[in-house]
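For reference, the structure is listed below as C-alpha cells.
Only heavy atoms go into these numbers, but all of them, side chains included; no hydrogens, no water, no symmetry mates. Since the model is a prediction, treat every value here as computed from it, not as a measurement.
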Protein chains: 2
Amino acid sequence: MRGIARLARELGVSTATVSRALNGNPNVNAETRQKVLEAAHRQGYAPNQAARSLAQGVTRSVGFMIELDPENTAGTDYFFMGVLEGMQNVLVGQGLDLFVLPCARAQDNFVFLQRIASRGVVDGMILAETRRIDQRIELLQSSHIPFVTLGRSDSGRDYSWIDLDFEGVVATAVDRLVGFGHRRIAVTVPTGDANYGPIFEQAYRDNLARHGLPYDPDIVLKAGRREDEGDAIVDHLLSRPDPATAVILFHEVTAIGVYRRLDQLRLQPGRDLSIIGCRSEDAVRFLAPEITCFHLSLQDLGSAAARALLAQLPSSARREPVEHVQQRMPLTLVPGKSDGPRIG
Amino acid sequence: MRGIARLARELGVSTATVSRALNGNPNVNAETRQKVLEAAHRQGYAPNQAARSLAQGVTRSVGFMIELDPENTAGTDYFFMGVLEGMQNVLVGQGLDLFVLPCARAQDNFVFLQRIASRGVVDGMILAETRRIDQRIELLQSSHIPFVTLGRSDSGRDYSWIDLDFEGVVATAVDRLVGFGHRRIAVTVPTGDANYGPIFEQAYRDNLARHGLPYDPDIVLKAGRREDEGDAIVDHLLSRPDPATAVILFHEVTAIGVYRRLDQLRLQPGRDLSIIGCRSEDAVRFLAPEITCFHLSLQDLGSAAARALLAQLPSSARREPVEHVQQRMPLTLVPGKSDGPRIG
DNA sequence: CCGGCTACTGTAAGCGCTTACAATTGCGGT
DNA sequence: ACCGCAATTGTAAGCGCTTACAGTAGCCGG
C-alpha cells in the first residue's frame, strides 16, 4: 500500500480525511490536519498527479507549445526566456504549473498538438508562432481546450491572441522617417508563413498612404532572419535608379549585414542610409552607431498571454461565456543614431 | 459515458478489446483492430493521459528543468533551443514526450522539483545548471526517479551527468597561449554557485603547473555574464605591475567589453592582449577581429543527456543495475584573430 | 429526554484506462 | 466423440486520489 492510503493507515484515519487535510478542506479538525501534514512531510509524501487529475478532471497546469527549427536555432534569440518569466509571474500565483512543450519539427506541429491536447495533460494551451493559416486553432476549438496564441492568424473565428503591435511600430517608424524628410522608405518583410509578414507589409502600405507616399514593390524586400541578408539589402536598395534613403528592418539582425556592407562602400548608417529596426535583439546591441529600434517587454508579453488564458480557465463562478482577449502589445521607440535627416 | 467506454459500446466490444487494439496488442483480431482504429479516428478519440499513467505507472514523458533568471535572460535562449533539439532528436524516436519545466525563481528550485517529481508527471528528469552543492540530486535519488544533470556537482554519489569538457578547453587554451610565448595568462571565472567555476579554476591551475608557470590569484578574476564586465577586466589586468598578456574568458560575452575598453585605450585584441573565449556565443559572432573560441554542439549535448536518461528508464529486459553515464563533451577550438604571439 | 444542529469522520463510488485471468470458440489430432 | 491448444474476447480488479453522502458524537434549547 502506498500514497495516501499508507498515511491514512498509519495515522488511523480514513483516506478521505487525509485527502481533505492535504487539500485544505475546512471540514477537518485542526489537530487532525496538523497530524496529517506532519506525517506527510516526514515521509516526503507527494501526491500522485496522475491520480489527482483523473479524479478531479483538471491538471492545474498549462502548456506552452513552441516549435524547434533546426534552420534557425540562433534565431529565436532571447525571446522565450523572457516570455516564460512573464508567464510564470502570473501562473505561479494561481498555483498553475507551466509545461513548455517543444515540438521537434515544425511540420509535425498538428499531430504533436493533437497528442498533447488529449485531456489529462494540461488544462490550457498557449501557442507560439501562429501561422497565417493554422489548423491548430480549429483543433483546439473543437477540443474545447482553452488556449491563447502568440500571434494572430487569419482564422475568422473568435479566440484569444496576443500579438505585437506591428501597426504601431510601422506607424511610428514611418512618421519618424518622414519627419526626417525621407520619401523613399524601404522595408524588409519576413519570409516564411508566419502571419506577421502580411500584417507588417499592410501596415507599411497604410502608413505610406497616410503620408501620401507611393507604394513601390521594388523597395519591399523579403529577408530572412540572418545577418548576411543585410548585404543584399544594401546592394539592392542603393542600386535602384531612385535609391531608397531609409529602410525599416523587420528582422533587426539583418542590420549587421547592412552596417557591414555600408562600411565596405564607405557609407555611413544614419547619414547615407537611415535604418530603423523593429524589435531590439541581443545581437545588435553593440552596433555602432547604435541602431534606432523598438523595445518590447517580453515579460509583459508572457504575462498578457498567461492572463488571457487564465480568463478562460474554469474557476470561481463564471456563468457567462468567456471573453476572448485580443491584444496588441505596444513597443517603445528607442532612438539611436542609425537614422537621421535625409541628405541631398 | 466517454472515452474508451463509448467507443466500446458503439462497436459492441469490451473496453479491454478497444484498449488492446489501440495499444497494438497482438492478441486482437486484425479485423477488430481495424474497426476500432477507424472509429477512434473518426471520433477524434485521444486517450486520457492521466488515466493511462495511473493505470500503467509510467507517463512516457521526461522533464527538463530549467531555472529562469531575471538577471540573465539573454543568451540562455540560444543555449536551450539547441539543447532541446538534441534531446528531441533522441526522445521522439522512443515515443517519449519532453516537458520543459521552467522554475520561476532559482531559489525555489528545490520545492519546485519536489512537486514535479511526485510520481505521475514524468518518468525521468534532466536538470540544467547543477550547483556545486545541489540538494536536488539527493531528492531525486531518494525518490528513485531516473535523472541526468547538465553539469557536475560535488555530490560524491554516483549518478549520471553530462558536462562540458572544461578541462580540455583550458588545456587547449593554455597550450596555445604558451605556444605563443605568453607566461602571464589571466583567466576569468564565473560568479555564482554553479559548479563549473571551481572546475574551471582548478583546470587553470593544473595547466599552469603543467607548463611550470606560477599561479597568481591576482589575475584570476570573477566575472559575471555581462558584456560590461569586460571593461573592468581590462583595467585590472593592465594596471598590474606585471600585466597579463593573455586572458581566457569564461563567459565569452565579456569579450565585448574587453574589446571596447581596449579600443578606448588604443590597444588591439590579439596584439596587445591575447583573448580566448570558452564557448562561442551568439552575441560575439560579429566582433572584429574574430575571437578565438571553442565551439560546442548544443545538439550533441542535448542528445547525450537524453541518451543518458534513456539508459536509466525501465525498458526491455534489464536486470543488472543501471550504468551511470558521466560524460564530458569535447569542444573544438575555432582559431580567430584575437590571440597571437606575445610582443615585447 | 428528545429533536435538531454543528463539527467531524468514514464509506464507497467513481475518474478512464490497463491487464491478469477466465471464458468461449474453433481447430486438429487421437 | 473427446482433449488440448491457440486465438480471441470479456470480466473485473485495480492504479491513487477526490468527494457525495452517510454516519457519529457532542451540544443546545425546549
Side-chain angles (χ1 to χ4, degrees), chain A residues 1-37 39-40 43-61 95 115 117-123 143 314, chain B residues 1-37 39-40 43-61 95 115 117-123 143-145 314:
Chain A
M1 194 177 336
R2 58 189 326 174
I4 228 176
R6 196 175 59 187
L7 273 183
R9 189 159 45 93
E10 289 183 11
L11 293 168
V13 299
S14 72
T15 61
T17 301
V18 176
S19 171
R20 280 189 281 252
L22 258 21
N23 290 307
N25 185 312
N27 297 332
V28 185
N29 185 299
E31 222 172 294
T32 314
R33 154 165 303 126
Q34 195 54 38
K35 277 198 315 189
V36 172
L37 291 180
Q43 309 214 358
Y45 166 82
N48 180 319
Q49 284 302 333
R52 211 157 202 268
S53 352
L54 182 56
Q56 296 192 128
V58 300
T59 64
R60 306 260 352 129
S61 66
R115 185 156 40 80
S118 61
R119 236 193 88 229
V121 180
V122 294
D123 293 343
S143 315
Chain B
M1 195 175 337
R2 58 188 326 173
I4 228 177
R6 195 175 62 188
L7 274 182
R9 190 160 43 94
E10 289 182 11
L11 293 167
V13 299
S14 72
T15 61
T17 301
V18 176
S19 171
R20 279 190 281 252
L22 257 22
N23 290 306
N25 184 313
N27 297 331
V28 184
N29 186 300
E31 222 173 294
T32 313
R33 154 164 304 126
Q34 196 53 38
K35 276 197 317 188
V36 172
L37 291 180
Q43 311 213 357
Y45 166 83
N48 179 317
Q49 283 303 334
R52 211 158 202 267
S53 357
L54 182 57
Q56 298 192 124
V58 301
T59 64
R60 307 263 347 132
S61 66
R115 186 156 39 82
S118 60
R119 236 192 88 231
V121 180
V122 294
D123 293 344
S143 315
H144 299 288
I145 296 174

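- With hydrogens and angles disregarded, no donor-acceptor distance shorter than 3.5 Å links the side chain of A/D123 to the backbone of A/V58.
- Taken to the nearest 0.5 Å, the CZ atom of A/R20 stands 8.5 Å off from the OG1 atom of A/T15.
- Here the side chain of A/A55 is nearest to one of C/dC15, C/dT18, C/dT9, namely C/dC15.
- The residue A/G57 sits apart from the nucleic acid: no heavy atom pair falls under 4.0 Å.
- Taking atom CD on A/Q56 and atom C1' on D/dG16, their separation rounds to 12 Å, with Å as the unit.
- In this structure, of C/dT18, C/dC15, C/dC17, it is C/dC17 that holds the atom nearest to the side chain of B/P47.
- D/dT19 atom C1' lies 8 Å from atom CZ of A/R20, rounded to whole Å.
- Backbone-only contact: B/T17 has heavy atoms under 4.0 Å from sugar-phosphate atoms and none from a base.
- Proximity of B/S14 to the phosphate of D/dT9: no side-chain N or O atom is located under 4.0 Å from OP1 or OP2.
- Between the CD atom in B/E10 and the CD atom in B/Q43 there is a gap of 4.5 Å [rounded to 0.5 Å].
- Residue order along DNA chain D, read from the 5' end via each residue's closest nucleotide, puts B/T32 first among A/R2 and B/T32.
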Given the rule that a pair is Watson-Crick or G-U wobble with both distances under 3.5 Å, how would you write DNA chain C in dot-bracket, using | for pairs to a different strand?
-> ||||||||||||||||||||||||||||||
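- Residue-level contact check: B/N48 touches the backbone only, with heavy atoms under 4.0 Å from sugar-phosphate atoms and none from bases.
- The CG-C1' distance, from A/L7 to D/dC17, rounds to 12 Å in whole Å.
- At a threshold of 4.0 angstrom between heavy atoms, the contacts of B/N25 with the nucleic acid are absent.
- Nearest heavy atom pair, residue A/S53 against residue B/A50, reads CB-CB, 4.1 Å.
- Comparing C/dC21, C/dG10, C/dG16 by their nearest atom to the side chain of A/A16 picks out C/dG10.
- A donor-acceptor pair is defined here as one N or O able to donate and one able to accept, closer than 3.5 Å; no such pair exists between the side chain of B/N25 and the backbone of B/A21.
- Distance CG (B/N27) to P (C/dC21): 14 Å, rounded to an integer number of Å.
- Between the CG atom of B/L54 and the C1' atom of D/dG14 there is a distance of 9 Å, given to the nearest Å.
- In this entry the distance linking CD of B/Q49 with C1' of D/dG16 reads 17 Å, nearest Å.
- Partner of A/Q49 under the side chain to side chain contact (heavy atoms under 4.5 Å, CB included) criterion, chosen from B/L54, B/V121, B/T59: B/V121.
- Phosphate contact (OP1/OP2 of D/dC17, side-chain N/O of A/Y45, threshold under 4.0 Å): present.
- Between A/L22 atom CG and D/dG16 atom C1' there is a gap of 12 Å when expressed in whole angstrom units.
- The separation between A/N29 atom CG and D/dA25 atom C1' is 13 Å, rounded to whole Å.
- In terms of heavy-atom proximity, B/Y45 sits nearest to B/L7 at CG-CD1, 3.9 Å.
- Residues forming a side chain to side chain donor-acceptor pair (under 3.5 Å) with B/S143 (at least two apart in sequence, or on another chain): none.
- Across D/dG10, C/dT18, D/dT18, the shortest atom-to-atom separation from the side chain of B/N23 is found for C/dT18.
- Both B/A51 and B/V13 lie near DNA chain D, and the one whose nearest nucleotide falls closer to the 5' end is B/V13.
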